[in-house]
Amino acid sequence: MGTVTQLLVGSTSLVLFPGAVRAASSNEGQAVLRTNLRFVVAGGLVIAGLFALFGGQMVSLVFGSEFFLSQWAATVLGLLALFVGISNAYGTQGLIAAGKESVVGLIIAAGATVAVLGHVILDSRYGAEGGIAAWIAAEALVAVLSVWAYFRFRSL
C-alpha cells in the first residue's frame, strides 16, 4: 500500500500540477512556494493534531470495533499530510520548476524502496502498525530529500 501511494503521489506531482510548476518558475515563484508551504505546514499540523486526539477512535468507527489503532500510530499517521505536502511543494514547485525532474524521479524511487523494505520487515512483525510506520518513514524520507535537493540544486 505504501509503495503504491508513494508512486501515485510522485506521479501526481509530476503530471497534475503544471500550473504550480509554471508559477514556481516565474519571478514570483519563491513567494508562491512560501505561501503554499505555510498552508501545507499549518494544515499538516492541524491534521496531525486531530489524528493524535481522535485517530484511533475514527479507525474503529469507520472500520469496525475489531480494528484498533494505538495512539502513537494514529499520531504518526496524522503526519502523513504534512510530509506529502512538503515533498509536493519542494518537489513539484521547486525541483521541477528548476528543471530537475530526474532528481524528483530518484527521490520517488528512494521513497518507494524504503516503503517496500519497510513493509517486508515491519508488516510481518507488527502488522498494520508496522505498515503505517513503513509508509510514514517512506513519506518522511521523500520530504527530507525533496527539501535537501531543492536547496542543493536551487542555485545551480
**Prompt:** Do Trp148 and Val84 share a hydrophobic cluster (ILVMFWY, side-chain heavy atoms under 4.5 Å, transitive)?
**Reply:** no
**Fill in**
When every non-hydrogen atom of Ser124 is compared with those of Val120, the smallest separation belongs to OG-O, 3.6 Å
**Message:** Given His119, which partner from the list Asp123, Leu122, Leu117 fulfils the side-chain contact (heavy atoms from CB on, under 4.5 Å) test?
**Reply:** Asp123
**Prompt:** Minimum heavy-atom separation for Ala138 to Gly111, with atom names?
**Reply:** CB-O, 3.3 Å
**Item:** Side-chain touch Leu95/Ile107, heavy atoms, less than 4.5 angstrom
**Value:** yes
**Asked** Hey, what do you get for CD1 (Ile136) to CG (Leu79), rounding to the nearest 0.5 Å?
**Response** 6.5 Å
**Request:** Using the side-chain contact (heavy atoms from CB on, under 4.5 Å) rule, take Phe153 and Val103 through it: C-alpha gap first, then chi angles, then the decisive distance, then the call.
**Result:** CA-CA 9 Å; Phe153 294 114; Val103 174; 3.9 Å; yes
**Asked** For the atom pair CZ (Phe83) and CG (Leu141), what is the distance rounded to the nearest 0.5 Å?
**Response** 10.5 Å
**Request:** Kindly assign one of parallel, tilted or perpendicular to the pair Phe151 and Tyr90, based on the angle between their ring planes and the thresholds 30° and 60°.
**Result:** tilted
**Asked** Does Val144 share a hydrophobic cluster with Leu82, counting links as ILVMFWY side-chain heavy atoms below 4.5 Å and allowing steps through other members?
**Response** no
